[in-house]
Amino acid sequence: MVFARYTCSAVIGCLVATTVALSVQRGASSDPDPNAAPPLSIPQAIENLSDADPQVRAAACSRLDELAEEHLDVMHYPYETDATRRLRDEAVPLMPKLIAALSSDDPQVRTSGTYVLAAIGPEARAALPILKRRWRAITANAPDGAEESLLALIRITPVDEPVLPVLYEARLQGERGEVADIELTAADLASIGMGTFYWSRILVNADRTVQEVPYLVQTAEGHNPVAVRLSAIGILENFGPEARDAIPALRRLLCDENEAVRICAGVALFIVENDRRHVKEIATKLRMKPEQEAEFIEEARMHFEQQDQMLASLRSLGLLIGGSDPDDAEYAENLVLSYAAAMDMYNGAMRRQYIDALRQIGPPAKCAVPRLTSLARNSDAFTREYAEKALWAIDPASAAKLACEDMHCRKARPRKLFSPFRFL
């Protein structure tokens, strides 16, 4: 369509491959070299970031990168481990030195300091002003530090605040003079598509969808450059059904005066709504040429067909577990165990994809019930919703018991009428 699609629903298609990677990761082990020098401690490495000797700084950066980057995969957002907690706990008392590292003349020191601050998370909010200034410099064509600055801003910004206003701020200011109906090239559109996928994955895996949707809606509907509006719509599309609060705005955008905005909003709408019955209605409202409308409907058909195939594949695992072939049953059981284990290895959308895969498998995924029961009390609203639905599909008795317990808790501790978080 208008630009290449990189939706987060594609994560489901990677479940089997990720399962293999999980098995390798869990089974891998390496014996330490008895002749190797003991690694730098975390406090010493942070202290050495300001050393006058570049070799000392380089060794410190190497040590910190080894500790931080392992747990800061920007696309998968792994679950917090003991090593992550140790890094954060030992680095917090030295935050002033890490913040000072952000202004170092040594780019390697700046990068390492940023990664460690990102690992600390919201407790490092004192670093936000300088990180925001660095991001403004990056968007003003100074590319140094783009990836780690983006990650740090997302990790450190308090969870109840949107981070996209900061990420978009400099870009909006720099493109205000752009003509509203400027003609974008195919390369421009492909770049927007890849960029929205990258940002979306990081945001959804950081459980930031609820906070970001209102700003994305405002940006998509506002008097902004077309490239920025398309970027906002693309992120909503990649959020998928978790962007359901944007559905009314996406419907309004079907009537936008800009054709690219209309078509992108139409694609985003059928993915966010996830209802194939509305595809023809959406296509009609877009006022496209017949060949464009046919292409739009075909893209929707392929999207839902791929979804159906994946769901059928997941449900077939349950049949294999209960089947007569012991090899197939063992394979399916191990796969289910891997999905259950993956819920503890990832956060955000990646975790929810595994939860939903277990829901589709149904009762044969009963090994996941204890962990799903725990996740049904998670602080993230979408994670709770996914876990509850999975419990009802896998073990209705456990789901009913949990619902009963929650009802008793609400009666014992009723929510305040005007709680700002009651929608959660």
Side-chain angles (χ1 to χ4, degrees), residues 36-75 77-78 80-81 83-159 161 163-171 173-174 195 198-199 202-203 206 208:
L40 282 171
S41 68
I42 293 169
Q44 187 59 59
I46 294 173
E47 290 283 354
N48 288 357
L49 290 176
S50 57
D51 196 276
D53 187 336
Q55 291 186 338
V56 173
R57 294 199 304 271
C61 291
S62 177
R63 174 61 175 153
L64 292 173
D65 290 350
E66 175 190 350
L67 292 167
E69 289 183 308
E70 179 184 354
H71 308 289
L72 294 175
D73 185 329
V74 297
M75 300 303 280
Y77 217 84
E80 187 175 62
T81 65
T84 313
R85 285 187 283 271
R86 183 170 64 86
L87 174 61
R88 184 184 62 230
D89 293 344
E90 294 188 29
V92 165
L94 295 169
M95 264 202 299
K97 291 186 177 293
L98 290 167
I99 294 173
L102 300 180
S103 301
S104 171
D105 294 332
D106 186 334
Q108 192 177 3
V109 169
R110 294 197 299 269
T111 296
S112 297
T114 304
Y115 273 132
V116 178
L117 287 165
I120 292 172
E123 289 182 77
R125 67 183 64 190
L128 282 175
I130 190 169
L131 286 169
K132 290 176 181 179
R133 288 197 298 273
R134 287 190 66 199
W135 183 255
R136 294 186 190 103
I138 290 165
T139 50
N141 298 318
D144 172 51
E147 180 179 295
E148 63 267 20
S149 295
L150 173 64
L151 178 62
L153 282 168
I154 291 173
R155 290 290 302 261
I156 295 172
T157 300
V159 71
E161 296 177 16
V163 71
L164 280 173
V166 175
L167 301 183
Y168 271 111
E169 176 189 6
R171 186 176 179 189
Q173 290 176 352
Y198 184 76
W199 282 23
I202 300 175
L203 290 166
R208 299 198 68 94

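Quick caveat, the model's predicted, so the values are computed rather than measured.
A distance of 6.0 Å or more separates the ring centres of Tyr168 and Trp135.
Remark: Asp51 engages no residue in a side chain to side chain donor-acceptor pair (under 3.5 Å) (not counting sequence neighbours). By the side chain to side chain donor-acceptor pair (under 3.5 Å) test, Gln108 is found to be paired with no residue, residues two or more places apart in sequence or in another chain being considered.
Panel note: side chain Ser62, backbone Ala58; no donor-acceptor pair is recorded below 3.5 Å. For Arg57 (side chain) and Ala52 (main-chain N/O), a donor-acceptor pair under 3.5 Å exists by modelled atom type.
Heavy atoms only, all atoms of each residue included: Pro43 and Glu90 are closest at CD-OE1, 3.4 Å. Between Ile120 and Glu123 the shortest heavy-atom distance is CG2-CB, 3.8 Å. Closest of all the heavy-atom pairs between Gly113 and Ala101 is CA-CB, 4.5 Å. Here the closest non-hydrogen pair linking Arg208 and Val159 is NH1-CA, 3.9 Å. In terms of heavy atoms, Ala152 sits closest to Thr114 at CB-CG2, 3.6 Å. Residues Ala45 and Ala60 come closest through the heavy atom pair O-CB, 3.2 Å.
Contact check for Asp65 versus Tyr115: side-chain heavy atoms found under the 4.5 Å cut-off. Between Val166 and Thr157 there is no side-chain heavy-atom pair separated by less than 4.5 Å. Side-chain contact between Leu203 and Leu164 is present, with at least one heavy-atom pair separated by less than 4.5 Å. Using a 4.5 Å heavy-atom threshold, the side chains of Ile156 and Pro122 count as separate. Within the 4.5 Å cutoff, no side-chain heavy atoms of Asp106 are placed close to those of Pro54.
In this structure, CG on Leu150 lies 12.0 Å from CZ on Arg134, to the nearest 0.5 angstrom. Note that CG of Leu98 and CG of Leu117 are 5.0 Å apart. Values are rounded to the nearest 0.5 Å. Taking CD1 of Ile46 as the start and CG of Leu40 as the end, the distance is 11.0 Å to the nearest 0.5 Å. Atom CG of Asn48 is separated from atom OG of Ser41 by 8.5 Å, given to the nearest 0.5 angstrom. In this structure, Arg110 CZ and Ile130 CD1 are separated by 10.0 Å, a value rounded to the nearest 0.5 Å. Atom CD1 in Ile42 sits 11.5 Å away from atom CZ in Arg88 (nearest 0.5 Å).
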Audit row: Ser104, Leu49, side chain to side chain contact (heavy atoms under 4.5 Å, CB included) steps and yes/no: CA-CA 9 Å; Ser104 171; Leu49 290 176; over 6 Å; no

Stepwise side chain to side chain contact (heavy atoms under 4.5 Å, CB included) test for Cys61 and Val109: CA-CA 6 Å; Cys61 291; Val109 169; 3.8 Å; yes

